[in-house]
Structure formats: structure tokens, C-alpha cells
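What you see is a predicted model, and the numbers here were worked out from it, not measured in a lab. Lettering follows sequence order; numbering is per chain, from 1.
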Amino acid sequence: MALTAVKGCNDILPGESGRWQYIEQTARRVFELNGFGEIRVPIMEKTELFCRSIGDATDIVEKEMYSFIDKGENSVTLRPEGTAGVMRAFIERKLYAEDPIAKLYYMGPMFRYERPQKGRYRQFHQIGAEITGVNDPLADAQVLNMLTLFFREIGLTEPTLQINSLGCHECRPAYRSTLRGFLEERMDHLCDDCKRRFATNPLRTLDCKVPGCVEMTVGAPSVLDHLCSGCNDHFSRVRRYLDLSSTPYSINSRMVRGLDYYTRTTFEMVTGLLGSQSAVAAGGRYDGLISQLGGPNIPGIGFAMGLERIALLISNQEFASFPDLFIATMGSGERDVAFHLMDGLLKSGIRVEMDYEGKSLKSQMRRADKLKSRYSVVIGENEAATGRASFKRMSDGIQTDIPLTINAIQLLIGKSQQ
RNA sequence: GUGGCUGUGGUGAAGCGGUUAACACGUACGACUGUGACUCGUAUAUUCGAGGGUUCGAUACCCUCCAGCCACCCCA
């Protein structure tokens, strides 16, 4: 194969795109119901934006970014996630000036230079939502309820909500050193990865899969026991609101984030059905991000969900649609008649296919069958002359003789539609 | 970046040193010269991911590369 797609980049073919449209439409409906408006931002940003928001020391920034120098010698990067660009726009376009409370959603491709595997690609797609300007845990709860509603609407009960609190800039550093102290004593028993994590991100040792590490961290101090009173109060109110709305969740005090900007509430929708990619949606609060990017001191909370992963979870559902009518023709003069008829029917919203190339009637009928057309009609000399034709219902072969007019056809097709 | 597995037509695959590269599905056309599905017929890989090597001979054995999948790291 001479020309192939870039590694880890996929084509979504017509047979599959219906599934994607369904996910996107459901998200739009649920998010807009909750008062969110779509924001469309570039898929490319200055590299610096991601370094400053996601964090210089994260894996995303250190090794996964698609960055390059453009002809103006600026370093630009294909966005590895959506929040940074949305917040950049929020600040740059001064959306906060009119209303500090913004509820925004976005969808589109993201890019990370990783080895592809199940449910993870170099170009992947996310749908995300953000609320700015609300400190109150009500915002956290609304976001979580909306996410839960989305999965219910999409027909999935499997992913379950897990929540945690990572504390704030006050209490997290203290917890970090407490945890380090705990780990230091067990250093010798930790795996090599965890020894490295000890330095870079000690919280990550808590969800290491190596049995030895799991064993060693059994009695590890929990973030939730080390929250400051503000964070503690915030987290308990989030839980209260979730209980109030009967939103199912579980607390996972070992849940960690890969991006630096998260504070307080973090959450994931997790599933056991996607191999090692368990998270189908994830997010959290990011109270310091906007000011860190040079904007006003406004809090935020949001999430992103992975379209590929959701598409895998609903891959058993069917989304195909079929023609209402297939017009077969006998000669070139009749094809003119058929084309004119097709045009009129299309303009009145009836989905029609016809033969394009003057094939045999047999071939045309086979095609009508293959396309799963509901009806077919043959237009020959007779029909063209009399203006009447037999419309065949493909499911049972029953033919109905009606005039070749838009109205009559509309009536026939509309009638059996219900 | 690391590891494991796999690469035969549009698809699923058999073949494992000498075959017309089996079979099935799909696709196209036909059997009815005005009607699909079922049935039947015909066609559909000069070539086995690419390049080397071993051999009289390699799709098969060896090496290198490439690609895909899955896993690790990390993550949606």
C-alpha cells in the first residue's frame, strides 16, 4: 500500500459515522438542555498554552504533543485536550466581562503522540463541557448529573461514576509530603515505575497495578483524610447534592489526574469493557487555571469524554437508514422521466435512488434489494405513456398501481411508514 | 519509548519446501430479453506486507525493515 493514513489516525466510514452522529447529537441535546452553548476553537494553539495549563512535567507535555515550528517560526501544537483552548478563548475574548458564569461545550479531534491501542489513538475525539465562575459545589453536582444523564440517554448503564477530591493548593502539598513519607519507608518494595513516580507524581503509586505495590500501599494515607476544612466541606456538599439527585457514584480516593490544573473535585466514568482503557469520561475542578493563564481569578469545572471509547461501547446498536424508493428504468427516455421524478421526490423529502447507468432490470432490482429500499418501481414505455406504475413493496413483493405523481407516491410511502 | 502476537484477494481464511494458491462470503454479469431475496452458472490473488538470504525450487525456512493489533508507560 503506497499511501496510508498516519499511524493512529482512523477513517470513520459511512457505516460507522451514524454511531458518531448519534453520540454527538445526544451530547448536544443533553448539554443544551443544561444551558451549555457550543464553542468552536482552533485545533491548533501556541505550544506555550499547553505547557502552562497542562503542566510542563506531565507526560502529555513531555512526550505526547504534536508540536512543530510553522513558517513564521512560531511553535504551535495540535491540541492534546480541549480545556486549555477553551479557557484561552474565554480569557482572550473576555467572555467573563459579560457574565463570569459561562457554560460551554465543544467537540472535535485531539492529538497525542502515543502508541495506538484499543480505544486510544493519535487522533482521537472528545466532547467536553466546562462551567466557569461558580465556586459552589452545585456546579460540580450539575456537571456530574449531566454526565450521568448523557450516558443514560445514550443507552449505557455500564460506566459508573467515581469521584474524589484532590484538595487545593493549600492542602495538597501537605498531603503529598505525608504520602511521600509513607512511601519512603517502603521504597525497597516498590516497582521501578513507582520509584520513579515517587519523585514525579507520588499519588500515582496508589493506582499501580503491580501486586507488590498494591500490597505496600494498603494502609497509605488517603487524600480525603488530609483535606483542609474548605475542601472537605466542598466535597461533602458535592456528595450531598449527588445523593439528593439520586445520582449513583462511588468514592475512589486513589483516583489521580494526569493534568496539573485539577483541584478539589475530580471524577471519572469508568467501564470494565474496554480492556485497559477504563475511563470513558473524566474531568474535575480547575480553580486556578484561568488566572494561571493570565485571566481573572475565576474558578472552573469540566470534563471530556472519549468518542472512540463511547462508540466502542455502543457498537452493537444499528444506525443505518434506507431509501424509501428505488426507481428502475427500461430505456434512456424513461431515465429522463425517472430523473425528473426523483428530483421532485427528493425535494419533498422522500429518499430516492435510481439506476445511473442503464443496467439490466435484473441488476437494478438487485440493487434496490441491496440498498434495502422500501419500495421499487419500474418505469418503462408503458408507464411513461400512461403516467401510472406498479409500486412494489420490497418486504413482501405486493404491488400497488398508482399514478406517477409526487402526491400519490408521498401518500403511499407516508401511509405505510406508521 | 518498551514488550508480546500477527501479516495470503474486498472480507473470513486453508496451504507450511515443488499446488491451476482450496473453500466460504462479498462483488459483477448472466440463467427471465419488464421485476429483488432462494437456486444455478461464469468471472473475480501471475501472487502470498516489503527487501535481502538459504535452496535446483520458497507463500512456506533465516535475516532486516514496515504495518496492524494488544499490553506496559500514560491517558479520554
Side-chain angles (χ1 to χ4, degrees), chain A residues 1-2 4-8 10 13 23 54 57-64 79-83 107-128 147 159 191-194 196-197 200-201 204 207-210 255-259 267-271 274-284 302-313 326-331 334 355 357 359-384 389-399:
Chain A
M1 208 70 72
T4 58
V6 173
K7 187 198 263 301
N10 296 301
L13 305 176
I23 297 168
I54 298 168
T58 58
D59 271 40
I60 293 180
V61 170
E62 276 187 350
K63 54 182 207 191
E64 295 175 1
R79 60 180 185 191
E81 59 100 37
T83 302
M107 54 182 68
M110 308 291 161
F111 303 84
R112 291 183 199 170
Y113 191 90
E114 304 180 274
R115 289 288 289 271
Q117 55 182 290
K118 190 180 181 69
R120 112 182 302 185
Y121 305 98
R122 288 192 175 176
Q123 176 176 335
F124 61 106
H125 298 78
Q126 289 188 334
I127 302 179
L147 195 54
C191 71
D192 289 347
D193 281 329
C194 280
R196 182 174 49 74
R197 286 167 180 144
T200 58
N201 190 355
R204 211 163 268 295
D207 69 354
C208 183
K209 291 166 191 119
V210 177
M255 188 169 69
V256 191
R257 298 281 68 166
L259 286 63
F267 52 88
E268 287 182 4
M269 295 292 300
V270 299
T271 174
L274 291 178
S276 62
Q277 263 60 249
S278 58
V280 296
F303 64 81
M305 42 200 202
L307 266 182
E308 282 78 3
R309 296 182 182 178
I310 295 169
L312 282 170
L313 290 178
F326 186 95
I327 306 176
T329 54
M330 298 303 297
E334 285 72 34
D355 169 59
E357 304 173 65
K359 298 205 168 181
S360 72
L361 187 61
K362 173 105 178 160
S363 291
Q364 295 185 53
M365 289 305 291
R366 272 187 182 154
R367 185 164 171 77
D369 186 57
K370 192 173 81 176
L371 296 175
K372 296 195 167 70
S373 182
R374 283 176 55 223
Y375 282 86
S376 68
V377 65
V378 179
I379 297 183
E381 249 179 82
N382 249 345
E383 289 82 357
S390 289
F391 283 73
K392 180 175 191 172
R393 190 159 64 194
M394 298 298 280
S395 56
D396 54 15
I398 290 171
Q399 304 206 30

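Contact check for A/F326 versus A/Q364: side-chain heavy atoms found under the 4.5 Å cut-off.
Between B/C32 and B/U46, the distance separating the two P atoms is 33 Å to the nearest Å. Comparing the same atom, C1', in B/G17 and in B/U55 gives a spacing of 9 Å after rounding to whole Å. On the C1' atoms, B/C16 is 5 Å away from B/A60, given to the nearest whole Å.
Distances shown here put every side-chain N or O of A/K392 at or beyond 4.0 Å from the OP1 or OP2 atom of B/G36. Between A/S363 and B/G30 there is a side-chain polar atom (N or O) within less than 4.0 angstrom of OP1 or OP2. Taking only side-chain nitrogens and oxygens, A/Q117 comes nearer than 4.0 Å to OP1 or OP2 of B/A71. Side-chain nitrogen and oxygen atoms of A/K7 include at least one within less than 4.0 Å of the OP1 or OP2 phosphate oxygen of B/G68. An OP1 or OP2 oxygen of B/C29 is reached within less than 4.0 angstrom by no side-chain nitrogen or oxygen of A/K362. Taking only side-chain nitrogens and oxygens, A/K370 comes nearer than 4.0 Å to OP1 or OP2 of B/A28.
Comparing B/A37, B/G34, B/A71 against the side chain of A/D369 picks out B/A37 as the nearest. The listed nucleotides are B/G34, B/A76, B/G30; the one nearest the side chain of A/V378 is B/G34. In the set B/G30, B/G36, B/A28, the nucleotide with an atom closest to the side chain of A/K359 is B/A28.
Using a 4.0 Å heavy-atom distance criterion, A/L259 is classed as a sugar-phosphate-only contact. The residue A/Y113 sits apart from the nucleic acid: no heavy atom pair falls under 4.0 Å. Within the nucleic acid shown, A/E64 comes within 4.0 Å of sugar-phosphate atoms alone, with no base atom in reach, counting heavy atoms only. Counting non-hydrogen atoms under 4.0 angstrom, A/G283 reaches nothing in the nucleic acid. Nucleic acid contact for A/R115: base, since at least one base atom lies under 4.0 Å from a heavy atom of the residue.
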Watson-Crick and G-U pairing of RNA chain B, under 3.5 Å, as dot-bracket with | and [ ]
((((((((.[[[..)..(....]]]((((((.......))))))....[[[[[..)....]]]]])))))))....
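Side-chain to base pairing of A/R366 with B/G30: one donor and one acceptor N or O lie within less than 3.5 Å of each other. Between the side chain of A/E383 and the base of B/G34 there is at least one donor-acceptor pair of N/O atoms closer than 3.5 Å.
Taking a cutoff of 4.0 Å between a charged side-chain nitrogen and a carboxylate oxygen, A/R196 and A/D193 qualify as a salt bridge.
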